Novice: 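Let me begin by handing over the structure; questions about it come next.
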Amino acid sequence: MANFIERMCLYLVLVLSVFLSIIQAVDRSNFKTCDQSAFCSRQRAMKPGQSSYRALLETLELSDSHLTVQLLNNNNKVLLLLELYRLQGNMTRVKINELKPVKPRYEVPDVLITDPPTELMSVVAQDEHRVVLSLGGEDWRLILSAQPFRLDIMEGPQVLLSLNSRGLLAFEQLRIRKDTKSQTDTKEAGEKEDTEKHDKEKVSEGEEAEEEVDQPGMWEETFKTHADTKPNGPSSISLDFSLPGVEHVYGIPEHADGLRLKNTDGGDPYRLYNLDVFQYELFNPMALYGAVPVLLSHNTHRTMGLFWLNAAETWVDVSSGQGSSEVPQTDVRWISESGIIDVFIMLGPRPNDVFTQYASLTGTQAFPPLSSLAYHQCRWNYNDQEDVSAVDQGFDEHDIPYDFIWLDIEHTDGKRYFTWDNNKFPQPKDMLQGLLDKRRKMVTIVDPHIKVDSSYKIHTEIRSRGYYIKNKDGGDYEGWCWPGNAGYPDFTNPEMRKWWASMFAYGQYEGSMENLYTWNDMNEPSVFNGPEVTMHKDALHGPWEHRDVHNLYGFYVQMATAEGQIQRSGGLERPFVLTRAFFAGSQRYGAVWTGDNAAEWGHLKMSIPMCLSLGLVGISFCGADVGGFFKTPSAELLVRWYQAGAYQPFFRAHAHLDTPRREPWLFGPDNTALIREAVRQRYTLLPYWYLQFYHAQRTGQPVMRPLWVEYPEDIATFSIDDEFLIGRDLLVHPVTDERSSGVTAYLPGNGEVWYDVHTFQRHDGAQNLSIPVTMSSIPVFQRGGSIICRKNRVRRSSSCMENDPYTLYVALDSQGNAEGELYIDDGHTFKHETDKQFIHRRLSFTANSLSSSDLSPDSQFPSASWVEQVNILGAQKPDAVTLTTTDGGESSVEFAFDPDTAVLTLRKPGMNAGVNWTLHLR
Amino acid sequence: MSCALLLLLMSLALAMGTGAAVEIQRPRGVPLSKRQFYEENKPFTCLDGSSTIPFDRINDDYCDCRDGSDEPGTAACPNGSFHCTNAGFRPAFIPSSRINDGICDCCDTTDEYNSGATCQNTCREMGRKERESLQIMAEITKEGFMLKQQLIHEAKRGQEDKQGKLTELQGSKKGLEEKVEALRTVKETAEDPEKEAKERHLKSWEEQKELIRMEKDKTRMAEAFLELDDDADGYVSVAELQSHLELDPDSDGSLTETETQGLLGGADKVDTSTFETVWSGIKDKYLSEGLSDPPAPVETPQEEETRDFVSDPDSDHYPEDYAGEEEDVEDDEEDDHEEEEEEKVPPTVQTPEKRADDEVSMPPYDTETQSLIDAAQKARDDFDEAERALREVDDQMKNLEKEIGFDFGPSAEFAYLYSQCYELSTSEYIYRLCPFNRVSQKPKFGGSETNLGLWGQWAGPEDSLYSVMKYDHGQGCWQGPNRSTTVKLTCGKETVVTSTSEPSRCEYLMEFTTPAVCQEPASLDEVLQGHTEL
């Protein structure tokens, strides 16, 4: 078997230059720097200075919903149209497009969940230099200055954010190629931009706009051996924003970098361009698999967000330093290759306000099936049905729970997705039934590249329906990927997506069953022989170039796949789809993982900031391959990764084909026990995870959070990315160093207290706590003032635990109070939405009474679960404990108090989880 | 293995006999063996002694004991275990987390008493099947063990045969060694006069060659003189020589007058006879005017190299090489003939001058020398022949010793596998196991064979070392380790590869049945003794 793969791989290596650096880390030369990207270098060559744009205030029109005004480029006399919207929820939208483009420019569809509702704007003051608009409230103002054009958003006398304050607005208007001019191109191309500008200024005095000079790379660009014909010529856009008083900015994933964005002065900007980067490097602004063009700024007073809605290749420069009058300032500059400027300014002011604002634009995290929050066992590849069965058996033999087993590309018939290898998986339904019998599930991979093979139904259908992306000459675009020559369906086409979704019907996807879910890989899209391992930018999606839609491709693939899963169940069941590529809004369709990482300590550490950054921009269901994809982890690294992964949202172990087996029981009984314990901790906390995702879906708050989100005024938290919060109440500081004997965790919150979840030891907030660790340590703390529900009866899969009782952990704050929530539904259908079938309860401990009250009286769900134990942390010994239920019944509850740990344990109070009750401590 | 099987058989029989008939009251999930700890209506002390609780808290669906012993019949304790009686089949313990989880684990359905799962009691059926298969296994084991005895017997005989043959060979080796020594003396005796005669012949040939060379040199000198003497006044003057930049002693690109004078031995001009001494100084560098441009002075390193070759006196080469060859033959008896042949190949780098010299070949030996050579050659052939025979015996002995030295198991029961190969055909490949040698894989539809590992060692666990074979250092894997194969041996009547797989990339697993691992079926006494628990 190895032989065949080896030959294939060797073949790929020989044929495809992109695979040349198999052994080393990323081959940077395969990917562009800003200098190698014509539009980026063109735009970046423009230095801050006075903007050549002037707002023609005489053209200003104000309607109920928005304001429009024309902008004139003094140099080339091209007119732009600025649209300003005040959006509900404290947001401002700024759109800039050409007033009269020679052809339409691409505006990103399908990412916004609705046309954002607007609010009234009114002119407060106006003269020939500026217009002052009210943004509501007493002192919220937007100042539009005419010459040079700029926008300032003010709160009272304070500038919150300025737009084009550095004069970097640039809008390359679409133009008709002048063939006569092309001969002189080469001669003039070398000239400095400065001279051109100088010339332009002189000419601009006249009525006629001067002839613009073409610069290199405007009509054609070559990277390595790949030519990008640019029939539409230059079309890039750029705009700068200044954030006075801001030193910390976050977001714009996906990059393998720290949580806090770095200064890009003197280096490359952060790049957003979905790419299949082989063995990516850490601490690097290079583009990775996904892109969310959302940046958050934060200081002790205010959190804001910038959402740059553009799906083309984008570069983001970040520059922090002293602004005027020695106030710190961060300048951000966005550069995109095509499309329009469409930016949403989210004004906060609190972190959760920004999350709510962004969620109102692009939607919230899809509420996943409960089981998908449990543990996933993956490997490239589980070889055959016997292998799957043996691994499944292995988990039972070693008493380690798991919910999903995954099949990578080798399960297919020759990398034809939606098919099975007949020799290795002759009876997929038997296999799935076997898993179903144990209440477990499976995921198969379905990638978007489709093998060009006239006997492959999926291919012939797509071809005959004309659903493939076209090359610049109008034929079906073909590229190399796993199956060899492959076509790429045009997922931007709604008809195509509908058809794709229908392929997941049980009758279409042969061998599929209700416990089979999907994994979309390689959807950047990855094209082995394409420029930068992706698609040629001049490929065509209907009227649009791939250049315009590139970063949306993966988003659409996951959208169509999730839709297919919903449809196959008649709209009843929640889907589960994992994707590698993503864009703003991808949170609506499922989970994301951080791609092909490596079995190295640095990658384990990096999993934290990478998922935190994704959480900040709406994508909460994030995880990294536990153990590391490439290379082979030591037993210690594997154990530590399980311990960290157990406390991250998407918890899946995965491994490269070339690495030795690493199922949890292959590293000796001690390591097996350590891994078992980490996975079991995950399972006990599933009710808490589920509740967090319920919240995430309702409110858009991230599940895995940086500390500053909950402690926005504590500067000490602003740069922390080696620990994190799950929801508000659990603080996790995984051990990510080899042979570690201790970690130092920062416990935030002046006056707060934190409880070690393993020992119940109490610690004060606002301190750096040194924690000695052994191999079994996973430093996790519960916030004083919170109540967390666990299910301590860990079974072999989460479904088996459905009716099990809860244990409550009531962690008292310094005032002796605590509160929490409990959410229960069937775990897998939409009935919580459609039929209000759920339980949502508030648990509150105050004045020595713990009570459960209904947060959603109009919903109902019959749950068999009950409360088997209550642990009150930081408690005092009571004389008696009584339980009161709604029917008026009162009974005494047995308890035990441990004076050493100050933990009061109530024995078997026994009430159903869905009813009102009160426990009195006397 | 078979001991365990029989034990199971017995226990099944017992369970069938007693299980249904006598139902002893005890808390759910408690095995009979622990019944005495759960005394009805008396306080219960956790089995780890950690605390004592009222009897009604046993199986009350709340975990009171740290060791889980109070909840043998519920899932309340994370570390509890549940006992299924499984009447008709084998009793078993399952983790208590599998109680009422909706999945039927115990064949008697007792684990799912409150989950709504509809489980069928399959114990009788399973018991029947297991007994059948155990019986089959027992038969296989019995027959296999008998076969194994035969194998041991054969191995013993084989081993004796080999030992005998080895002794025999040792005897004949001695004779051969003596013969080789005798022939060596004969050879050496014949070679001495041969060598002398050949050297004589060679020396006279060298002298003759030197004469020819000198003659040639003289001709060149005369030609050079004529060439240099531009004004044909019978003298070569400084001016005439100065145009030959290649003669520049300090290679600085210019040949000064003083330098030229130096070349001419201090004179302004020289006649033919004086030119003879001048010539010997310049002949190595001198370039005939008829040739193309002199080499550029920048290329000094290359020039030096060339000079090195030219300045090597011819006589340094051939005799030494020749003698060397002779010595090699004598010193390295082990060397095979191919290598000797290689050494005789003349050096490949030669200057054109040398090649010109070589064109004149050595004259044939005179008859006297030739007959000495013939005699010596015969002696050499005889010697080589004897030596070859000795080597063959050595090889045979080595192979035998190797085979005898192999660990073929405690009673050499695996010896019969030696130098055998067993194949298994899958959909894509033919796998081939040659025990104690190698494992390989060959694509069914063309392609070359891949080495999946060479014999490494026995690799079973301590108590059954001979149940697993390890083959390693196979062909390297692209991006991975060298291929290796683990062969698991199980008892069977036939010797056959039953399955192969590749659980990890380039780490293969092979299942192989052989009677050689069949263990003696245990006696009934042992079975009963080991069975007091029930």
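Treat the numbers as computed from the prediction; the structure is a model and nothing was measured. Chain identifiers are assigned alphabetically (A, B, ...) following the order of the sequence lines, protein sequences preceding nucleic acid strands; residue numbering begins at 1 within each chain. As a basis for the values below, the full set of heavy atoms in this structure was taken, side chains included, without hydrogen atoms, waters or symmetry mates.
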Novice: If you define the side chain from C-beta out and look only at heavy atoms, does anything of B/R57 sit under 4.5 Å from A/K908?
Specialist: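 Sidechains of A/K908 and B/R57: no contact.
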Novice: Does A/H398, at its NE2 atom, have more than 12 non-hydrogen atoms belonging to other residues, nucleotides or ligands within less than 6.0 Å?
Specialist: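 For A/H398, atom NE2 is crowded (more than 12 foreign heavy atoms under 6.0 Å).
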Novice: Ignoring hydrogens, what is the shortest heavy-atom contact between A/L906 and B/Y62? Give both atom names and the distance.
Specialist: O-OH, 4.1 Å
Novice: Which region of B/A76, side chain (C-beta onward) or backbone (N, CA, C, O), has a non-hydrogen atom less than 4.5 Å from a non-hydrogen atom of chain A, or is it both or neither?
Specialist: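 Both parts, backbone and side chain.
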Novice: Would you find more than 12 non-hydrogen atoms of other residues, nucleotides or ligands less than 6.0 Å from B/K444 atom NZ?
Specialist: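 Above 12, so yes.
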Novice: Would you say B/R98's side chain and A/R795's backbone share a donor-acceptor pair under 3.5 angstrom?
Specialist: no
Novice: Does any backbone or side-chain atom of A/D804 lie under 4.5 Å from a heavy atom of chain B? Answer side chain, backbone, both or neither.
Specialist: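 No part of A/D804 comes within 4.5 Å of chain B.
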Novice: Determine whether A/E663 and B/P503 make a side-chain contact, defined as any pair of heavy atoms from C-beta on separated by less than 4.5 Å.
Specialist: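 Result no, sub-4.5 Å side-chain heavy-atom pair not found.
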Novice: What part of A/T659 lies closer than 4.5 angstrom to a heavy atom of chain B: side chain, backbone, both or neither?
Specialist: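 Interface part for A/T659: backbone (N, CA, C, O).
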Novice: Please say whether more than 12 non-hydrogen atoms of neighbouring residues, nucleotides or ligands are located less than 6.0 Å from NZ in B/K470.
Specialist: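 Yes, NZ of B/K470 has more than 12 neighbouring heavy atoms, counting only those of other groups under 6.0 Å.
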Novice: To the nearest 0.5 Å, how far apart are CZ in A/R379 and OG in B/S504?
Specialist: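 OG of B/S504 is found 4.5 Å from CZ of A/R379.
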Novice: Sort out for me which of A/D396, A/D387, A/N381 touches chain B most, counting heavy-atom pairs under 4.5 Å.
Specialist: A/D396
Novice: Any chance you could measure A/K438, atom NZ, to B/C104, atom SG, to the nearest 0.5 Å?
Specialist: 12.5 Å
Novice: If I measure from the heavy atoms of chain A, does B/D105 come under 4.5 Å with its side chain, its backbone, both, or neither?
Specialist: side chain
Novice: To the closest 0.5 Å, what do you measure between CZ (B/R505) and CG (A/N383)?
Specialist: 11.0 Å
Novice: Checking heavy atoms, do the side chain of A/T905, its backbone, both or neither come under 4.5 Å from chain B?
Specialist: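 Just the side chain, heavy atoms under 4.5 Å.
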Novice: Output the option from B/G102, B/G447, B/P95 having the highest count of non-hydrogen pairs under 4.5 Å with chain A.
Specialist: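 Among B/G102, B/G447, B/P95, the one with the most close pairs to chain A is B/P95.
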Novice: Below 4.5 Å from any heavy atom of chain B, which atoms of A/D437 appear? Answer side chain, backbone, both or neither.
Specialist: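 Only the backbone of A/D437 comes within 4.5 Å of chain B.
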Novice: Tell me, out of B/N100, B/T426, B/I103, B/D60, who's got the most heavy-atom pairs with chain A below 4.5 Å.
Specialist: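 Top option by heavy-atom pairs under 4.5 Å: B/I103.
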Novice: Less than 4.5 Å to any heavy atom of chain A: does that hold for the side chain of B/D64, its backbone, both, or neither?
Specialist: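 For B/D64, the contact with chain A is made by the side chain alone.
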Novice: Please check this pair: side chain of A/N792 against backbone of B/P78, looking for a donor-acceptor N/O pair closer than 3.5 Å.
Specialist: no
Novice: At what distance, to the nearest 0.5 angstrom, does CZ of A/R680 lie from OG of B/S97?
Specialist: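 Nearest 0.5 Å value for the CZ-OG distance: 6.5 Å.
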Novice: Quick check on B/E494: does its CD atom have over 12 non-hydrogen neighbours (other residues, nucleotides or ligands) under 6.0 Å away?
Specialist: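 Open.
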Novice: Would you say CZ of B/R66 has more than 12 non-hydrogen atoms from neighbouring residues, nucleotides or ligands within 6.0 angstrom?
Specialist: no
Novice: Check this for me: does any side-chain nitrogen of one of A/R439 and B/D101 sit under 4.0 Å from a carboxylate oxygen of the other?
Specialist: no
